[in-house]
Amino acid sequence: MYRTKIRELIQWKISKGRKPLIVQGARQVGKTWLLKEFGKTEFEQTVYVNFEKEIRLQELFLQDLNPKRIITALETFFETKIDVENTLIIFDEIQSAPKGLTSLKYFCEETPEYFVTASDSLLGMNLHNKVSFPVGKVNFLYMFPMNFYEYLLAVGESGLSKVLAEKSWDILPIFTEKFKENLRYYCHIGGMPEVVNDFVVNRDLKMVRRKQEEILATYENDFSKHAPTEMVPRLNMVWQNIPAQLAKENKKFIYGVMKEGARAKDFELAIQWLVDSGILLKSYRISKPDMPLIAYQNMSVFKLFFNDVGLLAAKSNLDLKTAILGNDIFTEYKGAFTEQFVMQQFKAAEIDYIGYWTNERSTSEVDFVIQNEGDIIPIEVKASENLQAKSFKFFCEKYKPQTAIRTSLSNFKEENWMTNVPLYIIGNYF
């Protein structure tokens with residue numbers, strides 16, 4: 001298995017201004033595997049502490065936050081010598097150790113020569129709970145589920161992944177059907193590393209679905225374990241309702257779909273908790289495609305997506321047969337899986353800003369408007385071969401963007417006012 005984030009870890013290792021590194025992301029996206037793989041390939045030794053499992057070490061930071069004492073305690077516990085130049089220290093699930101996050105400040109200030117990393121699945125929520133945080137004293141790396149490129153590598157499609165990596169769009173027609181087939185499977189399997197690995201080993205979609213259901217159950221258990229008790233019922237209502245929201249023609253989140261009479265003030269904290277945890281992804285409506293897009297977002301109008309298209313398939317009980325029966329998956333639930341796929345690829349690519357546009361009366365809509373390296377790009381997502389897009393053309397005629405993208409299952413084609421980009425390359429296009 002290969003994760004592109006390993007390149008960022010290598011850059012962190014060699015950077016002169018290196019600080020302790022926090023790897024963030026939802027549970028099950030591969031944070032621990034990535035850090036261990038980094039230790040295995042780039043260091044002579046790894047000292048790994050999982051504070052959820054090592055109950056005895058949860059008090060490691062309570063006596064004081066002296067990094068040298070902490071290093072000595074780790075050497076004693078693991079019966080090893082921590083070589084400052086050749087040892088990677090991993091504090092996994094650091095939120096489970098009181099003052100663990102705060103200790104990173106002192107590693108930065110007093111012992112910056114050590115290679116210290118930490119992972120935290122719940123950092124977003126902890127910050128809202130006023131956990132002391134070492135502002136300006138840490139570096140960050142954010143993990144998402146495997147994107148389509150990483151999935152292709154994992155399932156042995158190195159030729160297809162090479163086309164994406166090298167942006168060889170001129171030879172795409174040769175591989176169109178193979179790309180489409182793999183895309184169908186990816187929309188069922190998704191990018192959770194454990195699920196992808198299970199598919200690679202067993203090639204059994206029913207086993208894949210069971211793994212996905214286990215992950216969904218883990219997320220749901222986190223609600224009652226980590227969220228305030230009074231918030232749990234609302235978390236469950238939002239969580240259970242996402243497939244229904246995405247199945248609407250207009251995918252804007254509507255509170256009344258969950259419960260008659262539901263209001264924003266009743267659910268906004270629950271929604272933010274799910275977004276902060278990395279379980280849900282959020283895209284705001286923008287009123288105008290000007291720089292910076294964030295200045296034109298409407299905080300009260302948004303769409304919500306799962307963090308992984310495979311988990312959406314499992315939560316929606318999508319028929320497994322659609323993975324092998326043509327392109328039905330892209331038209332299921334009014335194109336919900338197609339938009340989910342695109343959103344997931346954009347998040348993994350760490351596009352600067354991802355929003356969407358509607359006019360004031362919501363009679364015209366563009367699925368995504370992104371800000372990327374100084375460009376503002378409207379993107380129309382088409383689930384079928386029917387490429388009529390009146391709203392998209394209206395937007396482009398009104399605002400005249402330099403670049404406009406329609407992504408669909410059709411072949412790569414440049415026109416005078418927009419470019420059709422096949423769905424299977426959209427994550428690597430920019």
Side-chain angles (χ1 to χ4, degrees), residues 124 142 144 242 245-246 248-257 263-265 267-269 271-272 274-276 280-307 334-336 338-383 387-408 413-421 423 426-427 429-430:
Y142 205 96
F144 296 94
I242 299 302
Q245 296 281 348
L246 290 175
K248 298 188 281 82
E249 192 72 46
N250 176 1
K251 294 172 178 57
K252 165 191 166 185
F253 190 87
I254 298 174
Y255 295 95
V257 172
R263 296 172 296 176
K265 69 176 186 178
F267 289 93
E268 57 189 5
L269 289 179
I271 289 172
Q272 197 58 47
L274 292 165
V275 173
D276 287 342
L280 294 184
L281 308 176
K282 199 173 193 180
S283 172
Y284 289 105
R285 175 188 177 269
I286 59 114
S287 59
K288 187 179 179 182
D290 277 353
M291 293 282 287
L293 284 179
I294 194 171
Y296 298 95
Q297 72 180 13
N298 185 335
M299 298 287 286
S300 63
V301 184
F302 54 87
K303 298 178 184 178
L304 291 177
F305 300 86
F306 272 52
N307 63 356
K334 297 181 174 63
T338 318
E339 279 196 46
Q340 167 71 53
F341 169 80
V342 173
M343 179 66 172
Q344 185 175 341
Q345 302 312 299
F346 284 167
K347 291 296 287 188
E350 298 190 90
I351 298 293
D352 296 338
Y353 183 91
I354 308 168
Y356 74 101
W357 173 87
T358 67
N359 61 3
E360 289 300 324
R361 294 176 295 167
S362 296
T363 54
S364 294
E365 177 176 333
V366 174
D367 299 311
F368 293 99
V369 180
I370 67 171
Q371 181 178 314
N372 188 55
E373 297 181 353
D375 289 335
I376 292 178
I377 305 170
I379 297 166
E380 177 77 1
V381 178
K382 301 301 288 185
L387 301 182
Q388 292 185 4
K390 293 180 181 179
S391 293
F392 188 49
K393 195 152 191 175
F394 169 79
F395 178 96
C396 292
E397 289 173 350
K398 180 176 182 178
Y399 294 109
K400 297 179 172 53
Q402 288 189 337
T403 304
I405 302 293
R406 180 177 62 206
T407 185
S408 70
K413 184 181 179 181
E414 292 182 319
E415 299 183 23
N416 59 358
W417 66 283
M418 67 92 190
T419 301
N420 189 82
V421 176
L423 277 166
I426 193 67
Y429 184 72
F430 300 103

Non-hydrogen side-chain atoms of [X] and [Y] separated by less than 4.5 Å:
X      : Y      : value
Val381 : Phe392 : no
Lys393 : Met418 : no
Phe395 : Pro289 : yes
Ile405 : Ile426 : yes
Val275 : Phe302 : no
Glu350 : Phe144 : yes

Between [X] (side chain only) and [Y] (backbone N and O only), is there a donor and an acceptor less than 3.5 Å apart?
X      : Y      : answer
Gln245 : Lys251 : no
Gln371 : Leu293 : yes
Thr407 : Val421 : yes
Asn298 : Arg285 : no
Asp352 : Glu373 : yes

Charged N-O contact under 4.0 Å between Arg406 and Glu415 | yes

Drop me the distance from [X]'s [atom1] to [Y]'s [atom2], to the nearest 0.5 angstrom.
X      : Y      : atom1 : atom2 : answer
Lys252 : Ser283 : NZ    : OG    : 13.5 Å
Thr338 : Asp367 : OG1   : CG    : 9.5 Å
Ile271 : Leu304 : CD1   : CG    : 5.5 Å
Ile286 : Ile354 : CD1   : CD1   : 13.0 Å
Ile376 : Thr403 : CD1   : OG1   : 11.0 Å
Asp375 : Met291 : CG    : CE    : 8.0 Å

Note: Ser391 and Ser364 closest approach over all heavy atoms is OG-CA, 3.3 Å

Flag if over 12 foreign heavy atoms under 6.0 Å of [atom1], [X]:
X      : atom1 : result
Ile254 : CD1   : yes
Lys248 : NZ    : yes
Glu249 : CD    : no

Applying ring pair (Phe, Tyr, Trp, His ring centres under 6.0 Å), run through Tyr296 and Trp357 and close with a yes or a no.
-> CA-CA 10 Å; Tyr296 298 95; Trp357 173 87; over 10 Å; no

Should Phe394 and Val366 be marked as a side chain to side chain contact (heavy atoms under 4.5 Å, CB included) after you check the CA-CA gap, both sets of side-chain angles, and the distance that decides it?
-> CA-CA 10 Å; Phe394 169 79; Val366 174; over 6 Å; no

Going through the checks in order, is the side chain to side chain contact (heavy atoms under 4.5 Å, CB included) test met by Trp417 and Glu397?
-> CA-CA 9 Å; Trp417 66 283; Glu397 289 173 350; over 6 Å; no

Under 3.5 Å, side-chain donor or acceptor atoms of residues 339-349 against the rest of the protein: list the pairs with distances, not counting sequence neighbours.
residue: Glu339; atom: OE1; partner: Lys303; partner atom: NZ; Å: 3.4
residue: Gln340; atom: OE1; partner: Phe306; partner atom: N; Å: 3.0
residue: Gln340; atom: NE2; partner: Phe306; partner atom: O; Å: 2.8
residue: Gln344; atom: OE1; partner: Val309; partner atom: N; Å: 2.7
residue: Gln344; atom: NE2; partner: Tyr186; partner atom: OH; Å: 3.1
residue: Gln344; atom: NE2; partner: Asp308; partner atom: OD1; Å: 3.1
residue: Gln345; atom: OE1; partner: Phe148; partner atom: N; Å: 2.9
residue: Gln345; atom: NE2; partner: Tyr186; partner atom: OH; Å: 3.2

Could you tell me how the ring of Phe253 sits relative to the ring of Tyr255: parallel (under 30°), tilted (30 to 60°) or perpendicular (over 60°)?
-> perpendicular

